[in-house]
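Contents: one structure, followed by commentary.
Remember, it's 1-based here, ligands and their atoms both numbered in the order they're listed.
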Amino acid sequence: MFISGASRGIGQAVAAAFFEAGWNVATLDRRGAGPGITDPRVAQLTGSITSTEEVDAAFRAAEAAFGPVEALVANAGIVADRPLLRMSDADFAATAATNLAGTFRQVRRAARSMVARRRGAIILIGSVVGSIGGIGQANYAASKAALVGLARSVAREVGARGITANVIAPGFIETDMTADLAPQVRAAYLERIPAGRFGAVDDVAQAALFLANAPYVNGAVLPVDGGLGMGH
Ligand code: NDP
């Protein structure tokens with residue numbers, strides 16, 4: 001399997017879960033840090049999903065190490081939260097370039113061998129705010145909402161080739177990305193989560209493993225949010 005953004009947070013947990021389930025794991029992040037698993041079944045690659053060349057090179061390296069990629073988890077993403085009236089073009093462009101175009105790039109490259117082999121699972125990491133919105137997150141929420149259209153188009157286009165394309169929509173998961181949120185923002189979220197707790201990275205990892213092994217689930221958005229979005 002190939003996963004972007006596995007050097008920490010959700011991606012690190014997804015990489016570990018697939019590794020523990022017996023998969024070969026190729027990871028891509030900008031520092032080449034990977035999930036920190038030293039094993040011949042893990043290849044920690046360096047590059048940015050904002051570069052077609054670097055994504056292609058990473059896939060070539062992954063294929064050289066482990067053969068064709070059977071599952072993609074396009075997980076790398078960024079936030080650049082800002083109130084709407086203060087959100088710059090650069091804030092908007094940066095989230096679109098990483099979260100949307102970066103994901104598209106990985107999907108296109110992964111699909112190449114999946115189409116030829118007539119099997120594969122494409123899993124995109126969206127967000128609950130792609131459906132319910134988020135204050136100060138016009139750029140981020142739009143980039144994540146767009147992943148639903150991307151996945152569903154891919155599902156329609158190559159579904160008959162045995163390929164699935166689904167989106168996981170995490171809610172509030174405890175990672176570096178959410179660590180800096182103000183206490184009052186955290187409290188306000190918690191109040192709206194029926195599960196009564198924030199999510200753990202492994203909650204998302206288990207959903208990704210499920211989708212990698214679910215050949216008749218296609219074009220779905222799977223919320224992993226403790227009920228925050230009520231299934232959207
Ligand atoms: P983190 O910020 O903890 O980790 C982000 C990961 O993405 C890091 O490994 C980072 O590595 C990598 N990354 C960022 N930009 C690039 C890039 N251009 N190329 C390659 N790798 C990159 O995020 P989370 O674990 O919290 O989030 C993971 C995904 O889940 C994201 O898509 C996020 O939007 C989504 N999500 C998270 C939620 C949460 O509550 N935490 C909720 C909903 C969705 P490096 O910096 O080394 O490149």
Review point. Heavy atoms only: which of Val79, Val55, Ile173, Asn99 is nearest to atom 39 (C) of ligand 1?
Key: Ile173

Check your understanding: How close does the nearest protein non-hydrogen atom get to atom 38 (C) of ligand 1, and which residue and atom is it?
Key -> Gly171 O, 3.9 Å

Review point. Asn166 side chain to Ala220 main-chain N or O, any donor-acceptor pair under 3.5 Å?
Key: yes

Check your understanding: Of all the heavy atoms in Ala33, does at least one lie under 4.0 Å from an atom in ligand 1?
Key -> no

Study note, to complete from the structure: Looking only at protein heavy atoms, what sits closest to atom 23 (O) of ligand 1 is Met177 CE, 3.6 Å

Review point. Below 4.0 Å from any atom of ligand 1, is there a heavy atom belonging to Gly32?
Key: no

Practice item. Look at atom 46 (O) of ligand 1 and say which protein heavy atom is nearest, naming residue and atom and giving the distance to 0.1 Å. Key: Arg30 NH2, 2.9 Å

Practice item. Apply the test side chain to side chain contact (heavy atoms under 4.5 Å, CB included) to residues Arg197 and Asp203: give CA-CA distance (whole Å), side-chain angles for both, the deciding distance (0.1 Å), then the verdict. Key: CA-CA 12 Å; Arg197 67 169 176 90; Asp203 292 323; 3.0 Å; yes

Exercise for review: Examine ligand 1 and decide if any of its atoms is less than 4.0 Å from a heavy atom belonging to Phe198.
Suggested key: no

Exercise for review: Look only at interatomic distance and state if Val128 has a nitrogen or oxygen under 3.5 Å from any nitrogen or oxygen of ligand 1.
Suggested key: no

Point to revise | Part of Gln12 with heavy atoms under 4.0 Å of ligand 1, whether side chain, backbone, both or neither | key: neither

Practice item. Please report the C-alpha distance between Thr98 and Ile49 in whole Å, then the side-chain angles of each, then the deciding distance to 0.1 Å, and finally whether the side chain to side chain contact (heavy atoms under 4.5 Å, CB included) criterion is met. Key: CA-CA 7 Å; Thr98 299; Ile49 62 166; 3.8 Å; yes

Check your understanding: Got an N/O contact under 3.5 Å between Pro170 and ligand 1?
Key -> no

Check your understanding: Looking at ligand 1, does Glu174 have a heavy atom less than 4.0 Å from it?
Key -> no

Exercise for review: Tell me which protein heavy atom sits closest to atom 19 (N) of ligand 1, plus the residue, atom name and distance to 0.1 Å.
Suggested key: Ile49 N, 3.0 Å

Check your understanding: Do any N/O atoms on Lys144 end up under 3.5 angstrom from N/O atoms on ligand 1?
Key -> yes

Review point. Which pairs count as side chain to side chain donor-acceptor pair (under 3.5 Å) when at least one residue sits in residues 44-54, sequence neighbours excluded?
Key: Ser48-Thr50, Thr52-Arg105

Check your understanding: Is there at least one pair of N or O atoms, one from Ser7 and one from ligand 1, spaced under 3.5 Å apart?
Key -> yes

Check your understanding: What do we get for Ile10 next to ligand 1 when only non-hydrogen atoms under 4.0 Å count, side chain, backbone, both or neither?
Key -> both

Review point. Gly199 near ligand 1, heavy-atom distance under 4.0 Å?
Key: no

Check your understanding: Is there a donor-acceptor contact under 3.5 Å from the side chain of Arg41 to the main chain of Phe19?
Key -> yes

Check your understanding: Hey, looking at atom 5 (C) of ligand 1, which of Ala74, Gly34, Gly77, Ala94 has the closest heavy atom?
Key -> Gly77

Review point. If hydrogens are left out, which of Val201, Ile125, Asn75 has an atom nearest to atom 31 (C) of ligand 1, that is, the closest non-hydrogen atom?
Key: Asn75

Check your understanding: Nearest to atom 1 (P) of ligand 1, what protein heavy atom do you find, and at what distance?
Key -> Arg8 NE, 3.6 Å

Revision key, fill the gap. Residue, atom and distance of the protein heavy atom nearest atom 24 (P) of ligand 1 read Thr175 OG1, 3.7 Å

Point to revise | Min N/O separation Arg31 to ligand 1 under 3.5 Å | key: yes

